[in-house]
Amino acid sequence: MAAAMVWLLWSLLLLSFMCGTRAFYVPGVAPINFHQNDPVEIKAVKLTSSRTQLPYEYYSLPFCQPLKITYKAENLGEVLRGDRIVNTPFQVLMNSEKKCEVLCSESNKPVTLSVKESRLVAERITEDYYVHLIADNLPVATRLELYSNRDGDDKKKEKDVQFEHGYRLGFMEVNKIYLHNHLSFILYYHREDLEEDQEHTYRVVRFEVIPQSIRLEDLKVDEKSSCTLPEGAKSSPQEIDPTKENQLYFTYSVHWEESDIKWASRWDTYLTMSDVQIHWFSIINSVVVVFFLSGILSMIIIRTLRKDIANYNKEDDIEDTMEESGWKLVHGDVFRPPQYPMILSSLLGSGIQLFCMILIVIFVAMLGMLSPSSRGALMTTACFLFMFMGVFGGFSAGRLYRTLKGHRWKKGAFCTATLYPGVVFGICFVLNCFIWGKHSSGAVPFPTMVALLCMWFGISLPLVYLGYYFGFRKQPYDNPVRTNQIPRQIPEQRWYMNRFVGILMAGILPFGAMFIELFFIFSAIWENQFYYLFGFLFLVFIILVVSCSQISIVMVYFQLCAEDYRWWWRNFLVSGGSAFYVLVYAIFYFVNKLDIVEFIPSLLYFGYTALMVLSFWLLTGTIGFYAAYMFVRKIYAAVKID
């Protein structure tokens with residue numbers, strides 16, 4: 001129980017640390033100072049939809065194009081996310097208003113969409129696509145004003161302002177499709193304090209848009225490509241008929257407002273959440289419940305073990321020693337090498353690789369160094385770290401393989417370097433083929449795929465071999481008892497010792513500690529939200545490690561008490577039991593939260609979910625296995641064996 005109190009104290013200290021460092025922010029890029037009338041470039045990122053999960057680049061639709069299209073050089077994370085950042089024809093000047101401007105207007109003629117283009121635009125609107133633009137690396141957001149209905153009096157209604165990432169491409173009403181062809185940009189700037197006789201500089205601190213649909217006949221366009229918007233509700237929306245050609249104008253306006261928000265805090269608006277209190281409550285609840293249960297489990301196990309060890313070490317009563325029962329009875333078989341030791345050590349090596357990568361990424365992100373402003377940095381860092389952590393995965397796999405009486409270390413090293421990454425690459429390649437078929441920007445380009453293969457075989461594989469070589473040469477783990485030559489017969493096991501029942505029992509506690517956080521992670525992945533609560537995630541990760549270790553020790557203790565010494569594989573599988581609940585939750589999320597109906601989006605969802613479940617099983621299985629291995633070595637070292 002004392003151990004549980006210590007853990008609870010540490011967790012509360014960590015919570016207070018997160019409260020104190022919430023404003024701490026390491027920006028992804030240096031601030032850009034603008035002077036009056038300096039150009040502020042508006043770039044397009046991509047089109048996204050939570051219904052299809054297929055991003056498309058901006059110019060896959062017939063938007064107005066600049067004279068020269070220039071794509072930004074992107075990092076690995078941006079390419080894997082499907083970002084294709086490109087320039088746009090919007091002309092925006094710092095602190096300079098524009099009432100209404102027409103895009104791509106030649107001789108004041110409207111843009112004509114062909115039947116094929118009209119059909120494509122209509123299809124994207126019905127699929128609920130959003131357009132994502134950026135200005136000075138700030139993503140565009142649509143303001144949503146929600147009013148609480150607690151009181152009937154309108155004056156007392158509280159206004160809750162939230163922001164939606166990007167803006168809707170269009171909307172549907174009464175089976176008709178309408179396109180947002182006018183964008184009202186609202187940009188906020190912060191005026192920097194300067195000394196006397198110096199020109200004022202400005203920094204962009206917020207980028208909002210109000211999308212509108214305005215019919216061609218309601219827009220008045222002059223010879224200078226300026227336009228006049230209709231007043232109030234007199235205008236009708238711009239309909240897109242997918243069966244014929246459509247004529248329309250693409251227009252925009254620019255409005256600037258001064259803001260007190262400092263540049264370092266400009267992302268706070270985008271990261272506001274309406275349910276922070278629920279999040280805090282769930283996290284603290286998980287901390288208290290998990291550590292309380294862990295303390296109870298530890299107390300029961302320690303008291304039972306002390307009693308067992310005291311009884312086993314009595315030498316007075318010879319008859320008792322003749323009638324041994326329980327876990328001491330299998331001392332001659334408990335360290336007998338399991339079947340397929342090479343595959344087991346390879347999977348555990350990949351688990352160590354994942355553990356090191358995830359721990360470093362979450363810790364660095366918690367310090368603010370992988371914030372959303374560093375677009376793609378999180379995924380790039382994770383990929384490179386996984387490659388470089390191969391040396392630790394190889395070392396642990398090599399040493400364990402030697403402990404399990406393995407001899408073919410070169411084959412074991414190759415298995416460690418290729419088994420898990422090969423499965424991941426294979427699934428991603430198959431899914432990528434389907435994405436290619438849809439001409440989506442989410443498809444990884446062939447040069448990037450070749451680069452990833454070069455990283456795998458040029459960085460990860462040699463490092464795994466290096467770590468495996470030194471791990472295999474190192475002294476194997478010292479097991480406290482000798483293994484008998486003839487294996488002992490295992491008695492018939494009770495129903496609750498079944499492997500699948502063990503998975504169900506062992507997975508409840510770790511999953512219960514993290515399922516709230518899982519909801520926010522799923523929302524970030526599948527609904528194009530920003531995830532930034534890495535302080536919470538770090539605490540949840542610690543809870544996960546502790547709960548997996550505790551449950552694994554309890555399960556292996558029960559198994560050895562039932563005189564079943566085949567614990568190696570069973571413990572690895574059972575410790576990853578929470579991955580089964582993650583799979584069940586993913587199916588629940590798909591059915592209740594997402595509106596995916598087509599085959600390829602469903603295939604993508606379950607394909608990537610399978611990778612997440614596999615990785616999570618490797619991670620939690622590895623944590624539980626090493627905790628159980630340390631526990632087994634400790635208890636057998638504490639008893640006297642003749």
Side-chain angles (χ1 to χ4, degrees), residues 45-62 78-84 115-132 165-166 168-172 175-177 179 240-243 379 420-446 448-449 452 518-519 521-529 531 579-617:
V45 181
K46 59 182 173 182
L47 312 171
T48 64
S49 168
S50 60
R51 290 184 63 187
T52 67
Q53 299 299 328
L54 291 167
Y56 288 95
E57 63 173 286
Y58 183 69
Y59 291 122
S60 64
L61 292 182
E78 287 174 319
V79 174
L80 295 178
R81 279 161 40 99
D83 294 357
R84 301 291 183 269
V115 177
K116 184 179 178 182
E117 291 173 334
S118 299
R119 194 182 302 120
L120 182 63
V121 170
E123 184 183 338
R124 295 287 181 264
I125 292 173
T126 55
E127 289 172 339
D128 202 21
Y129 266 86
Y130 283 74
V131 183
H132 298 273
H165 306 305
R168 288 179 182 269
L169 179 61
F171 59 96
M172 292 182 65
N175 294 327
K176 290 187 177 181
I177 300 168
L179 174 70
I240 300 293
D241 189 342
T243 61
M379 197 170 290
Y420 168 69
V423 171
V424 172
F425 185 82
I427 294 176
C428 288
F429 181 77
V430 171
L431 295 177
N432 207 50
C433 291
F434 285 98
I435 304 173
W436 266 332
K438 288 295 224 178
H439 307 289
S440 167
S441 65
V444 179
F446 185 73
T448 306
M449 197 169 289
L452 286 170
L518 201 63
F519 169 76
I521 293 172
F522 271 52
S523 298
I525 295 173
W526 303 116
E527 298 187 49
N528 301 302
Q529 303 292 324
Y531 186 84
F580 173 76
Y581 289 97
V582 172
L583 176 62
V584 172
Y585 181 79
I587 296 170
F588 168 81
Y589 190 88
F590 178 83
V591 172
N592 289 280
K593 300 291 183 182
L594 298 179
D595 190 20
I596 296 177
V597 290
E598 295 181 16
F599 170 70
I600 290 182
S602 303
L603 183 70
L604 292 178
Y605 179 86
F606 285 106
Y608 290 130
T609 297
L611 287 181
M612 289 171 57
V613 170
L614 173 65
S615 304
F616 192 73
W617 168 65

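All values below were derived from every heavy atom in this structure, side-chain atoms included, with hydrogens, water molecules and symmetry-related copies excluded. Please read these numbers as outputs of a predicted model, since none were measured by experiment.
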Pairing of E78 and R81 as salt bridge, 4.0 angstrom limit: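 Result for this pair is no, no salt bridge flagged.
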Salt-bridge present (D241, K176; N to O < 4.0 Å):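 No, this pair does not count.
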Donor-acceptor contact present, side-chain [X] to main-chain [Y], <3.5 Å:
{"X": "R84", "Y": "S441", "value": "yes"}
{"X": "S440", "Y": "P55", "value": "yes"}
{"X": "T609", "Y": "A586", "value": "no"}
{"X": "N592", "Y": "F588", "value": "yes"}
{"X": "Q53", "Y": "S50", "value": "yes"}
{"X": "T52", "Y": "P601", "value": "no"}

Quick one: closest heavy-atom pair of [X] and [Y], and the distance?
{"X": "N432", "Y": "G442", "result": "OD1-O, 4.2 Å"}
{"X": "Y130", "Y": "H132", "result": "O-CD2, 3.8 Å"}
{"X": "A122", "Y": "I177", "result": "CB-CD1, 3.6 Å"}
{"X": "L611", "Y": "V424", "result": "CD2-CA, 3.8 Å"}
{"X": "M449", "Y": "W436", "result": "CE-CH2, 4.2 Å"}
{"X": "V131", "Y": "L47", "result": "CG2-CD2, 3.5 Å"}

Taking side chain as C-beta onward, heavy atoms only, is [X] less than 4.5 Å from [Y]?
{"X": "L604", "Y": "I596", "answer": "no"}
{"X": "E527", "Y": "L594", "answer": "yes"}
{"X": "Y56", "Y": "K46", "answer": "no"}

Would you mind listing every salt bridge (Lys or Arg N to Asp or Glu O under 4.0 Å) that reaches into residues 424-439, with sequence neighbours excluded?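 Counting only pairs at least two positions apart or across chains, no salt bridge (Lys or Arg N to Asp or Glu O under 4.0 Å) contact touches residues 424-439.
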Return each pair, listed once, that meets salt bridge (Lys or Arg N to Asp or Glu O under 4.0 Å) where at least one residue sits in residues 592-613; pairs must be two or more places apart or across chains. R51-D595
[X] [atom1] to [Y] [atom2] distance, which is reported to the nearest 0.5 Å:
{"X": "Y608", "Y": "I525", "atom1": "OH", "atom2": "CD1", "value": "11.5 Å"}
{"X": "M172", "Y": "I125", "atom1": "CE", "atom2": "CD1", "value": "9.0 Å"}
{"X": "L120", "Y": "I240", "atom1": "CG", "atom2": "CD1", "value": "11.0 Å"}
{"X": "I587", "Y": "Y585", "atom1": "CD1", "atom2": "OH", "value": "13.0 Å"}

Tell me every residue that passes side chain to side chain contact (heavy atoms under 4.5 Å, CB included) with [X], counting only those two or more places apart in sequence or in another chain.
{"X": "V423", "value": "I427, L614"}
{"X": "V430", "value": "F434"}
{"X": "L80", "value": "L76, M379, C383, V444, L452"}
{"X": "H439", "value": "none"}

For a side-chain contact (heavy atoms from CB on, under 4.5 Å) check, start with the C-alpha distance between D128 and R168, then their side-chain angles and the critical distance, and finish with the verdict. CA-CA 7 Å; D128 202 21; R168 288 179 182 269; 2.6 Å; yes
Go through the side-chain N and O atoms of S615 and Y420 and say whether any donor and acceptor fall under 3.5 Å apart. yes
The ring pair (Phe, Tyr, Trp, His ring centres under 6.0 Å) partner of W526 among F606, F590, Y605 is Y605
